[in-house]
Amino acid sequence: MQNRFMEKAIALAIENVRRGRGGPFAAVVVRDGAIIAEGTNRVTFSNDPTAHAEIVAIREACQALGNFQLTGCEIYTTCEPCPMCMGAIYWARPAKVFYASTAKDASAAGFDDSFIYKQLKLPATARRIPMIQLMREEALEAFRAWEQKSDRIEY
């Protein structure tokens with residue numbers, strides 16, 4: 001059954017390229033043996049750098065479930081997730097992720113995200129895009145407000 005879901009993701013990725021809708025990536029989210037959401041890379045099509053296949057599929061699945069977590073779900077993605085998608089996957093908390101191509105395969109096709117992994121290991125002040133901290137004490141007020149909120153939804 002797992003092959004069936006990966007085959008669907010791969011078919012979506014190929015179709016996405018052929019239709020000129022974005023990069024060669026797709027993902028499906030499965031729950032209880034059924035696809036509940038699909039996503040294809042739409043970065044260039046929608047001018048949205050966050051519109052990676054996994055992110056699109058996660059957003060659609062969360063809307064379908066009415067929940068911000070993908071408890072009991074599996075994600076089938078055509079490529080090993082990039083750092084951004086990996087973060088989204090961990091926040092969404094699916095049960096499993098299946099992937100086809102590797103990050104090395106993606107790099108060979110021109111989609112190299114190894115520089116992001118290297119940047120994340122550096123101190124904020126040493127990164128290629130300057131990261132400059134401002135108004136920390138004032139911003140901590142938002143955390144204090146959150147901590148005092150009795151009806152907050154933990155995540």
Check this for me: Gln63, atom CD, are more than 12 non-hydrogen atoms of other residues, nucleotides or ligands nearer than 6.0 Å? no

Would you call Arg144-Glu141 a salt bridge at under 4.0 Å N-O? yes

Distance (rounded to the nearest 0.5 Å) between Cys82 SG and Ile55 CD1: 7.0 Å

Please tell me if the side chains of Tyr76 and Val97 come closer than 4.5 Å, counting only heavy atoms from C-beta onward. no

So Ile35 and Lys8, side-chain contact (heavy atoms from CB on, under 4.5 Å) or not? Walk me through it. CA-CA 10 Å; Ile35 294 174; Lys8 175 65 173 178; 3.7 Å; yes

Thr125 side chain near Met131 side chain, heavy-atom distance below 4.5 Å: no

Which atoms form the tightest heavy-atom contact between Gly39 and Val56, and what is the distance? CA-CG1, 3.7 Å

Here the pair of heavy atoms bringing Pro49 nearest to Met84 is O-CE, 3.7 Å

Taking all heavy atoms of Ala26 and all of Ala13, pick out the closest pair and write down the distance. CB-N, 3.5 Å

Can you label the angle between the Phe111 ring and the Phe25 ring as parallel, tilted or perpendicular, going by 30° and 60°? perpendicular

In terms of heavy-atom contacts, does OH of Tyr117 have more than 12 from other residues, nucleotides or ligands at under 6.0 Å? yes

Taking it one step at a time, do Arg21 and Glu15 satisfy side-chain contact (heavy atoms from CB on, under 4.5 Å)? CA-CA 9 Å; Arg21 298 286 177 126; Glu15 181 66 17; over 6 Å; no

With the side chain counted from C-beta on, respond yes when Thr78 and Ser101 share a heavy-atom pair under 4.5 Å apart, and no when they do not. no

Would you compute the distance between atom CZ of Arg19 and atom OG1 of Thr40 and round it to the nearest 0.5 angstrom? 9.0 Å

State yes or no: do Ile14 and Met6 share one hydrophobic cluster built from I, L, V, M, F, W and Y residues joined by side-chain heavy-atom distances below 4.5 Å, directly or via other members? yes

Identify the two heavy atoms, one from Pro94 and one from Ile89, that lie closest to each other, and give their separation to 0.1 Å. CD-O, 3.0 Å

Is there a side-chain contact between Thr71 and Arg93 in this structure, where contact means two heavy atoms from C-beta onward sitting under 4.5 Å apart? no

Step by step, would you call Thr50 with Arg59 a side-chain contact (heavy atoms from CB on, under 4.5 Å)? CA-CA 11 Å; Thr50 69; Arg59 288 174 179 161; 3.4 Å; yes

Minimum heavy-atom distance between Asn16 and Gly23, given as atom pair plus value: ND2-O, 3.0 Å

Hydrophobic cluster membership, with links at side-chain heavy-atom distances under 4.5 Å among I/L/V/M/F/W/Y: are Leu12 and Val17 in one? no

Please round to the nearest 0.5 Å and tell me the distance separating atom CG of Asp113 and atom CE of Met86. 9.5 Å

Are any non-hydrogen side-chain atoms of His52 and Val43 less than 4.5 angstrom apart? yes

Value for CG (Leu70) from CZ (Arg31), rounded to nearest 0.5 Å, stands at 8.5 Å

So, do Val30 and Cys73 sit near enough that their side-chain heavy atoms are less than 4.5 Å apart? no

Taking the six-membered ring where the residue is Trp, are the ring centres of Phe5 and Phe98 under 6.0 Å apart? no

Would one find more than 12 heavy atoms of other residues, nucleotides or ligands at under 6.0 Å from atom CZ of Arg152? yes

Does a donor on one side chain and an acceptor on the other come within less than 3.5 Å for Thr102 and Glu80? no

To check you understand the geometry: which heavy-atom pair defines the closest contact between Glu60 and Ile36, and what is its length? OE2-O, 4.1 Å

For the OH atom on Tyr99, are there more than 12 heavy atoms of other groups (residues, nucleotides or ligands in this structure) within a distance under 6.0 Å? no

Using side-chain contact (heavy atoms from CB on, under 4.5 Å), reason through Ile116 and Leu120 one step at a time and then give a plain yes or no. CA-CA 6 Å; Ile116 297 173; Leu120 291 172; 4.2 Å; yes

Rounded to the nearest 0.5 angstrom, the CZ-CD distance for Phe115 and Gln119 is 7.5 Å

Quick check on the hydrophobic clustering: are Leu65 and Ile75 connected, directly or via other members, by side-chain heavy-atom contacts under 4.5 Å? yes

Please check if the side chain of Asp112 supplies one atom and the backbone of Ser107 the other of a donor-acceptor pair under 3.5 Å. no

